[in-house]
Amino acid sequence: METGAIPIDDLSGGLDCYLTLESGQTYLWQREDDAMYTGERNPDAWYATTIPDTGDVVRVRQRDGHLEWQSTTDADPHVRRLLKLDDDLEAIAADAPAESLIREAYDCHRGMRLVEDPAFGCLISFICSAQMRVKRIHDMVSTLALEYGDELAFDGETYHAFPRPEQLATATEAELRELGLGYRAPYVVRTAEMVAGGEAHPEEARDLPYEEAREYLTRFVGVGDKVADCVLLFALGFDEAVPLDTWIKSAIEDHYPDCDRGNYATTSRAIRERFGGQYAGYAQTYVFHHLRTGAGASE
DNA sequence: GGCCAGGACTCAG
DNA sequence: CTGAGTCATGGC
């Protein structure tokens, strides 16, 4: 086992591991106590995930002013990438718009960072996310890993990697319905087949201009503008992406009605500008979490 | 028991 | 391009 510890004080804007991993951005981590997305912290619990290409297992835990990690490999670069530890969060928060809702969200959830998920797992996760609560999305993604992913041994325990495209493409619609995916089942199978067959890959969107990248991702079955924005924001490094989900739409209605332009593309441009442009996705993620957890319910 | 959850698809106009 | 109808499932 390789281990390490990253001092939190070295990270601009700090880190809150719980907020980062349980704010509805990622469904590819598992909490050791099996209580992710229950709304309760457990400062002692490790979070584990796996690295797609190498099959390495990585565990992290935040304690005593450090982000501790344990892994099958030197996980320092993986941890820094997955939790975007090199983002200058202090500057991003300071430069965010002086809108009361945005400032309140940043102030209430200090240390929450964006994640950078592996693209395929993120894509499938958010296809599953349609009309689902975050806890159930996590359950569904965990089930896919259990049923179709590699078993990885580490430190005497068994971990389940999220399935590679060719593994998930072996699933049938009937099987996935049996696993509780509902009407998303054919979307997941067909998208996995598209990637496994080389027809398209979400990574292809990484180097495109933002709106072209979003358009590219909508070719996958079960992916509309909103899910595409989630993949751009949580996997492909587009910090300006603002997914227009039910919570953000209600925020637009209540706080930024002038940004409602009737369709996704133009409303997206307007709210992206209102949320600060380059790092609008950060502001979106804070506002989303603030509203969803009820902290901003009164206003 | 109706409503809702990080929506997308199909089809008509 | 836009609007209505449809689609599973579990928690409250």
Side-chain angles (χ1 to χ4, degrees), chain A residues 19-29 35-40 105 109 112 114-115 117 121-144 171-192 194 202 211 214-236 238 241-253 260-269 271-272 275 280-297:
Chain A
L19 288 177
T20 301
L21 294 178
E22 302 196 46
S23 51
Q25 304 180 56
T26 178
Y27 303 94
L28 299 174
W29 291 77
M36 264 190 94
Y37 287 117
T38 59
E40 295 185 8
H109 310 289
M112 185 170 76
L114 286 181
V115 301
D117 271 354
C122 181
L123 177 66
I124 299 298
S125 296
F126 280 94
I127 288 173
C128 292
S129 78
Q131 299 293 102
M132 271 306 132
R133 287 183 168 81
V134 294
K135 173 75 163 71
R136 283 201 64 209
I137 301 167
H138 186 261
D139 289 345
M140 288 163 53
V141 171
S142 301
T143 299
L144 291 178
T172 66
E173 175 182 340
E175 286 173 4
L176 297 190
R177 283 184 184 272
E178 198 65 26
L179 295 176
L181 269 70
Y183 60 80
R184 304 153 198 79
Y187 302 165
V188 168
V189 174
R190 292 177 62 190
T191 288
M194 289 175 71
E211 291 192 352
R214 192 177 64 200
E215 178 65 21
Y216 177 89
L217 291 178
T218 62
R219 74 187 53 199
F220 293 105
V221 182
V223 179
D225 288 327
K226 187 269 168 183
V227 167
D229 266 332
C230 287
V231 177
L232 294 177
L233 181 60
F234 301 135
L236 297 178
F238 288 81
V242 178
L244 301 182
D245 64 282
T246 52
W247 291 99
I248 296 301
K249 284 178 180 173
S250 75
I252 290 173
E253 188 177 338
D260 183 0
R261 306 296 166 85
N263 62 54
Y264 194 99
T266 52
T267 301
S268 170
R269 284 178 203 143
I271 197 67
R272 198 159 66 247
F275 277 19
Y282 258 99
Q284 188 274 0
T285 300
Y286 273 84
V287 169
F288 168 82
H289 185 255
H290 193 56
L291 294 176
R292 190 184 70 82
T293 56

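Just so you know, these numbers use all the heavy atoms, side chains as well, and skip hydrogens, waters and symmetry mates. Since we're looking at a predicted model, the values are computed, not measured.
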Using the P atoms only, state how far B:dC3 lies from C:dG5, rounded to an integer number of Å. 15 Å
Determine the Euclidean distance between corresponding P atoms of C:dA4 and B:dG6; express it in Å to zero decimal places. 24 Å
Side-chain atoms of A:Y187 come closest, of B:dC9, C:dA8, C:dG10, to B:dC9
Rounded distance (Å) that lies between atom P of C:dT9 and atom CD1 of A:I137: 16 Å
Have a look at A:G24 and say if it touches a base, only the backbone sugar-phosphate, or nothing, with a 4.0 Å heavy-atom cut-off. base
Looking only at N and O atoms, is any donor in the side chain of A:R184 or the base of C:dC7 less than 3.5 Å from an acceptor on the other one? no
Classify the ring geometry of A:F126 against A:Y27: parallel below 30°, tilted from 30° to 60°, perpendicular beyond 60°. perpendicular
Would you find a donor on one side and an acceptor on the other, under 3.5 Å apart, between the side chain of A:Y286 and the backbone of A:M112? yes
Contacts under 3.5 angstrom, residues 216-225 of chain A side chains, donor-acceptor by atom type, not counting sequence neighbours:
unit_1: A:Y216; atom_1: OH; unit_2: A:H201; atom_2: N; d: 3.2
unit_1: A:Y216; atom_1: OH; unit_2: A:H201; atom_2: O; d: 3.3
unit_1: A:T218; atom_1: OG1; unit_2: A:E215; atom_2: O; d: 2.6
unit_1: A:R219; atom_1: NE; unit_2: A:Y216; atom_2: O; d: 3.1

Between B:dC3 atom P and A:R133 atom CZ, what is the distance in whole Å? 14 Å
Counting side-chain heavy atoms from CB outward, which of B:dG7, B:dG6, C:dA8 is closest to A:A130? B:dG7
Does a side chain donor of either A:Q25 or A:S23 reach within less than 3.5 Å of an acceptor in the other side chain? yes
With respect to the side chain of A:N263, which nucleotide from C:dT9, B:dG6, C:dT2 is positioned closest? C:dT2
Determine whether more than 12 heavy atoms belonging to other residues, nucleotides or ligands lie under 6.0 Å from atom CZ of A:R177. yes
Quick check on contacts: within residues 243-250 of chain A, what sits under 4.0 Å from DNA chain B by heavy-atom distance? A:P243, A:D245, A:T246, A:W247
Looking at the base of B:dG7, is there any donor atom on it, or on the side chain of A:Y264, that sits under 3.5 Å from an acceptor on the other one? no
Does a nitrogen or oxygen in the side chain of A:R177 sit under 4.0 Å from OP1 or OP2 of C:dA8? yes
Rounded distance in Å - CD (A:E178) to C1' (C:dA8): 13 Å
Taking CE from A:M140 and C1' from C:dG11, how many angstroms apart are they, rounded to a whole number? 15 Å
Return the nearest nucleotide to the side chain of A:R136; candidates are B:dG6, C:dG10, C:dA8. C:dG10
Are the side chain of A:R184 and the backbone N or O of A:L181 linked by a donor-acceptor pair below 3.5 Å? yes
Here the distance between atom C1' of B:dA8 and atom CD of A:E215, to the nearest Å, is 14 Å
Starting at CG of A:D225 and ending at C1' of C:dT2, how long is that distance when rounded to a whole Å? 14 Å
Can you tell me how far apart NZ (A:K249) and CG (A:D260) are? Round to the nearest 0.5 Å. 9.5 Å
Whole angstrom is fine here: how far is it from CE in A:M132 over to P in C:dC7? 15 Å
Write down the distance between CD (A:E173) and C1' (C:dA8), rounded to a whole number of angstrom. 12 Å
Let me know, please, whether A:F220 or A:Q25 comes out on the 5' side of the other along DNA chain B by nearest nucleotide. A:Q25
Distance (rounded to the nearest 0.5 Å) between A:D117 CG and A:L123 CG: 11.0 Å
